[in-house]
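Chain letters run A, B, ... following the sequence lines, proteins first, then strands; residues in each count from 1.
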Number of protein chains: 2
Amino acid sequence: MTDALDSLDWSVIRALEEDGRRPFREIGRALGVSEATIRARVRRMQESGLLRIVAFTDPARVQSPYQLALVVMRVEPSRHEAIVEALSRHPEVSYVSTVMGRADILAEVLVRDQKQLWEIVSRKIRVIEGVVDAETMLIVEVHKLRYVLPNGEAAES
Amino acid sequence: MTDALDSLDWSVIRALEEDGRRPFREIGRALGVSEATIRARVRRMQESGLLRIVAFTDPARVQSPYQLALVVMRVEPSRHEAIVEALSRHPEVSYVSTVMGRADILAEVLVRDQKQLWEIVSRKIRVIEGVVDAETMLIVEVHKLRYVLPNGEAAES
DNA sequence: GATGAAAAGTGCGCACC
DNA sequence: GGTGCGCACTTTTCATC
């Protein structure tokens, strides 16, 4: 399913990385192809899940106060998948990944305050069956965050 | 500069979280206001840096092979800011945050393969002056990733 | 700030290559 | 896959409230 991207695809991606609402016609003009071609490329990439065009907000400006935390977890291997699913179901959990190293699973939690953080971590996460250990780090400030890939120019905040 | 967002702003954000290219006119119709109002709201939020509408790609589909890793770092307090800056300058470093807990700084690295990962971690990160300890976890799979806030419905992948 | 109206520009489907 | 065309719709500007 990983169709190879040609240079036109990459050019389109880079254009939309800068401005997700840039008109297809304008992109086509800049790249010397028709608008229908741009539209078809974008649709194909979107349908394959490769490309997404969405709005997102800056937590620091939108929600105040707010609290981000990373929960570093050790789990029983046999319960790994079930725990991933349980974590993912929580709306307060904004990120879940499987890792190798000191931990087995990483989970990021986004909540209003430390009281809610405690409730989520202690009453929702640590009680999941198979969770051996869960260590929390408070995220004080996010300095760099890139939403795109090294191949293209990065959109950072 | 953190202008309070009213319910109309939130409705607009939620609409654009689902589809960043949804016509303002359509959003206006759905919310019972004029299209010009929607555009004015979006422009204001974009100019303040609160809202961004961009395309992003799924690393797993776009770059193969690729390797993500989280580097959990202890640093000398007096060198904290300098280290954050040094990390942020590297294009392979996709995320940098200051945390409280077991670690002082978290850094995510996005590279092609494990050889490049080793080069970045050992030759670029661990050698930065003031880095006391750096522990690497290989990110095997990202199960959940939300780019937006708890207030609205989440856009997940 | 919000609105409606006119002009310019865009998205979309389609027939064709 | 790519393209050009036609039409409906959207964006943009601006005068108005």
With sequence neighbours excluded, what pairs up with [X] under the side chain to side chain contact (heavy atoms under 4.5 Å, CB included) test?
{"X": "B/Asp19", "value": "B/Arg21, B/Arg22"}
{"X": "B/Glu81", "value": "none"}
{"X": "A/Ser11", "value": "A/Arg14, A/Leu31"}
{"X": "B/Ser122", "value": "B/Trp118"}

### Task
Ignoring backbone atoms, test whether A/Ser34 places a side-chain nitrogen or oxygen under 4.0 Å from the OP1 or OP2 oxygen of D/dG4.
no
### Query
Using a heavy-atom distance cut-off of less than 4.0 Å, which residues of residues 40-47 of chain B contact DNA chain D?
none
Each nucleotide N or O in nucleotides 15-17 of chain D that has a protein N or O under 3.5 Å away: list the pair and distance.
none

Can you name the salt bridge (Lys or Arg N to Asp or Glu O under 4.0 Å) partners of [X], sequence neighbours left out?
{"X": "A/Asp6", "value": "A/Arg41"}
{"X": "A/Glu119", "value": "A/Lys115"}
{"X": "B/Arg89", "value": "none"}
{"X": "B/Arg29", "value": "none"}

### Message
Nearest whole Å is fine: how far is C/dG1 C1' from B/Leu31 CG?
### Response
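Rounding to the nearest Å, CG of B/Leu31 and C1' of C/dG1 are 17 Å apart.
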### Query
Please give, in whole Å, the distance from D/dT10 P to B/Ile27 CD1?
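These atoms are roughly 11 Å apart.
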### Message
Return a single string for nucleotides 6-12 of chain C, one symbol per nucleotide in 5' to 3' order, where B is base contact, S is sugar-phosphate-only contact and - is none, cutoff 4.0 angstrom on heavy atoms.
### Response
----BBB
### Query
So, does A/Lys144 use its side chain to make a donor-acceptor pair with the main chain of B/Ser94 at under 3.5 Å?
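No, the answer is negative, given that no donor and acceptor are paired below the 3.5 Å cut-off.
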### Message
Test: side chain to side chain donor-acceptor pair (under 3.5 Å). Region: residues 124-140 of chain B. Which pairs qualify, not counting sequence neighbours?
### Response
A/Arg102-B/Glu135
